[in-house]
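Note on naming: letters A, B, ... go to the chains in the order of the sequence lines (proteins, then strands), and numbering restarts at 1 for each one.
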Amino acid sequence: MKKPSIPKGTRDFSPVEVTRRSYIMDTIKASFANFGFQPIETPSFENSETLMGKYGEEGDRLIFKILNSGDFLRKVGDDLYTEKDSAKLTPKISEKALRYDLTVPFARYVVQHQNEITFPFKRYQMQPVWRADRPQKGRFREFYQCDADVVGSSSLWQEVELVQLYDTVFGKLKLEGVTIKMNNRKILSGIAEMIGAEDKLIDFTVALDKLDKIGEEKVKVEMREKGIAETAITKLQPLFSVTGTASEKLATLKSLLSTSEIGLQGISEMEFIVDAIETLELSAATLEIDVTLARGLNYYTGAIFEVAAPDGVAMGSIGGGGRYDDLTGIFGMKDMSGVGISFGLDRIYLVLEELNLFPETVTANSKVLFINFGEKEALYALQAIKLLRAAGINAELYPDATKMGKQMGYADKRDIPYVVLAGESEMVDGTYTLKNMKSGEQEQCGLERLQKVLK
RNA sequence: GUGGUUGUAGCUCAGUUGGUUAGAGCGCCUGAUUGUGGUUCAGGAGGUCGUCGGUUCGAGACCGAUCUUCCACCCCA
């Protein structure tokens, strides 16, 4: 018989993995609540029209479409069918699609529930999203995003708080040395304006984004390929040498963009955030200005964030976010500014695993196994187990009265730290033999002592 | 979507220019040991070599397709 399997890019999670994932999620969730965010959930699939066209052409390709129910092909006209044009045919046979991220569904939620929401609305959401991508390391077709967004306030204090939120979560996870990279769409616009390539903003930033990956020369090559003028590339030169501390970088940028109103506005926004964070101080993360950061440009209008794992860990970004002045505009609700960040749960897991940062105590294992000696003895054991469980101690009885070696082996393999032996002789004097599996020591004791040791 | 890569026992992997009955380590099961796990010893089970097709007297090995793994690009958490 053929072995069953799961679709590529998806995963099963073992007990250890689920426990560790919940550890991360609980940490993030607690911090979200700690910062005043409230949870919502949205359906795993949306109407196609809600999602299509919101992530660019590339995004549309990566959205999982759901086939209509029923005899969906019968409703397709003969000419459309013979034409074999997938782009035209798709909307006719698929009217629903799996959620691609949490931001667009959130925008839809805000517009749809605008009369029930008190603004500014701070929401968090932790749910799986799906992308029809080709899997790679840390890249899956089903993965979790943990988002916190604020909608209905354009205050820069939100950006400041979100940086703090990142720092709080990574601090709690003991993940030291992450870098929060920050940029501003307005600075990118200012640069494009300055070099006279406003119409090529996206091409220009996508190329710039690859600087640390492919190097200065190749970035220039790509810019030329995209039709950016040589004079513009020359004007760009000082940008490749923006270095130093955050305030030094800002000073360089300021002189570079002195003629661009929008560029200067972006710089002052960044200054505000950097100054506030300098006063408030971060514990686990570093805030860094990175003018080459240009992800998610389809809707970001102000701050752009991306979180890089600590040095030495080969992993794509473990978080991202930014400000979008008009997110709900695509659903017809104007002038609603939003800003938010996202944690990539699956990648954070891989980083914590690589750095061995999961606490030992993160386990859902039983504390004690009661050996099964037979019917009367099992009942005697279950009476004690009932009390232990009521006291919050994870305890279990071996279900079958098999050979002791087998039962002990089970406890050993499951890494259960204690075993209780209660047979005929213990029953007679109402005691239990408690064995510490690690040291091998054992003692005969009463219920009270049992509970005290196992607590 | 483009290019490359991987698949042999539950796991990690050997398997020579194509040649008899496909191996190892670990794990698993049984016993030595009927109230004591890990260690040791003895024995045992387990594979239509990812799948389908082709070349050949003969294929785990060669060819094609397909699925899967990982990687790069694109893009992204």
Problem set entry | Gap between atoms NZ and P, on Lys213(A) and C73(B) respectively (whole Å) | 4 Å
Exercise. Checking only heavy atoms, does the side chain of Lys435(A) share a donor-acceptor pair with the base of G37(B) at less than 3.5 Å?
Worked result: yes
Exercise. Expressed in angstrom and rounded to an integer, what is the separation of Asp133(A) atom CG from A77(B) atom P?
Worked result: 11 Å
Exercise. Do the two ring centres, one from Tyr349(A) and one from Phe358(A), sit under 6.0 Å apart?
Worked result: yes
Exercise. Just how far, in rounded Å, is P of C76(B) from CG of Asp346(A)?
Worked result: 18 Å
Seminar exercise, completed: Here the distance between atom P of A77(B) and atom CH2 of Trp130(A), to the nearest Å, is 16 Å
For this session: Rounded to whole angstrom, note down the C1' distance from C74(B) over to G3(B).
Result: 12 Å
Problem set entry | U34(B) base / Lys403(A) side chain donor-acceptor hit below 3.5 Å | no
Problem set entry | Pair of N/O donor and acceptor under 3.5 Å linking G35(B) base with Glu426(A) side chain | yes
Problem set entry | Interatomic distance, Arg134(A) CZ vs C73(B) C1' [rounded to whole Å] | 10 Å
Exercise. To the nearest angstrom, how far is Phe140(A) atom CZ from A77(B) atom C1'?
Worked result: 10 Å
Exercise. Can the ring centroids of Phe343(A) and Phe32(A) be said to lie less than 6.0 angstrom from one another?
Worked result: yes
